[in-house]
Amino acid sequence: MNARRILLATLCGLLALGGPAVAQGLGDGRGIDHVASLVRLENFEAVTGVLANQLGFAVTPALLSPVGAKNRLIWFDDLSYLEVDAFTERNEFTAPFLDFLDHHEGGKFYGTEVVNATRALDFLNGAGYPAVGPVPAPPLTIESTGQVFGFTPLWNSIILTSRVAPDNSNFFLDYDEAQVQQMFHDFPVLAPRPHPNTAQKIDTLWLVVADLDAAIDFYEGLGLEVRFKHKKIQYLGGRGAEVRYKNATLALLEPDGPGLVADFAAERGEGILGASIQMGNLGFAHSYVRSHTGLPLPA
């Protein structure tokens, strides 16, 4: 994944802006919690280096998971984050991701935060979204120091088993907020830090779908507000809709003529096209990225 592709994944333009929405039955917390991009293990250091040194994000040290994965995080002010993942072994959990990496690198899944995993699981099963959980997170290890933390699970996950989101890309998390804050206290290198590029939060997650109406139905069934249905986005070559969360927008995009959406769908089918990041100072961020990448970015 080169610098130009990462720029697309983090700095693409906004579809629309609006007020927050709340999924009362699901009990969503901040909303879109994190967006994960997968890279091959041999590219992990190079990609995270581009994010830190060329694009200006504050990146954590690498973390190892006993499930056979490693990642680095980019925290934002609201504790949402971007995540770069690679995999250190093939097993039942990592096999689908490694199969994806045989052909592609890029955004693959995102988490939605809920405030109570048990209530969310009851809601999902009752609303026709069969799911399993809560699944406790395993301890994690800071690769460079060997320090282990998270013996009390930092979060619990809920996984949909059928009627999954487009590209089976979404799952749900309930954090132990006290344990998260304790982690930041005990390991300051893992705590959120200001970003040199002034990044503040995830604004919009862009998801290419094969069937826009079916995708709208999926998110409305979760109790989320969906707006601007079948809105034409000329510059992307697609039509779409907005799913409103508390903190961000999920933009659903279906190909509608030539353009970036159709090109992505032809290569990957459904999947995460990218994420827009809100900046504290867009002009400064533009100058920073241009000067550190040498890319001729449009004004």
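Nothing fancy with the numbering, it's 1 onward along the sequence. Just so it is clear, the structure is predicted and the values come from calculations on it, not from any experiment.
The ring-ring contact (aromatic ring centres under 6.0 Å, His included) analysis of residues 114-133, with sequence neighbours excluded, yields the pairs Y129-F218. Residue pairs meeting the side-chain hydrogen bond (donor to acceptor under 3.5 Å, both in side chains) criterion with at least one partner in residues 135-148, sequence neighbours excluded, are K70-E143, T145-Q147.
Here P255 pairs with V261, A262, A265 under the side-chain contact (heavy atoms from CB on, under 4.5 Å) rule; sequence neighbours left out. Taking D263 as the reference, nothing meets the side-chain contact (heavy atoms from CB on, under 4.5 Å) condition, with sequence neighbours excluded. Remark: T161 pairs with P130, V132 by the side-chain contact (heavy atoms from CB on, under 4.5 Å) rule, at least two apart or across chains.
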Compile the donor-acceptor pairs under 3.5 Å between side chains in residues 185-194 and protein atoms, sequence neighbours left out, one pair per line.
{"unit_1": "D186", "atom_1": "OD1", "unit_2": "Q182", "atom_2": "NE2", "d": "2.9"}
{"unit_1": "D186", "atom_1": "OD2", "unit_2": "Q182", "atom_2": "NE2", "d": "3.2"}
{"unit_1": "R193", "atom_1": "NH2", "unit_2": "V59", "atom_2": "O", "d": "3.0"}

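Ion pairing between a basic and an acidic side chain is recognised when a charged N comes within 4.0 Å of a carboxylate O; R72 and E45 show such pairing. With respect to R163 and D217, a salt bridge is recorded, a charged nitrogen being found less than 4.0 Å from a carboxylate O. D256 and K231 are not joined by a salt bridge, as no carboxylate oxygen comes within less than 4.0 angstrom of a charged side-chain nitrogen.
With hydrogens and angles disregarded, no donor-acceptor distance shorter than 3.5 Å links the side chain of S80 to the backbone of D33.
Between F87 and F93, the gap from one ring centroid to the other reaches at least 6.0 Å.
In this structure, Y81 and H34 have parallel ring planes: the angle between them is below the 30° cut-off, well short of the 60° mark.
Using a 4.5 Å cut-off on side-chain heavy atoms (C-beta onward), V289 and L295 make no contact.
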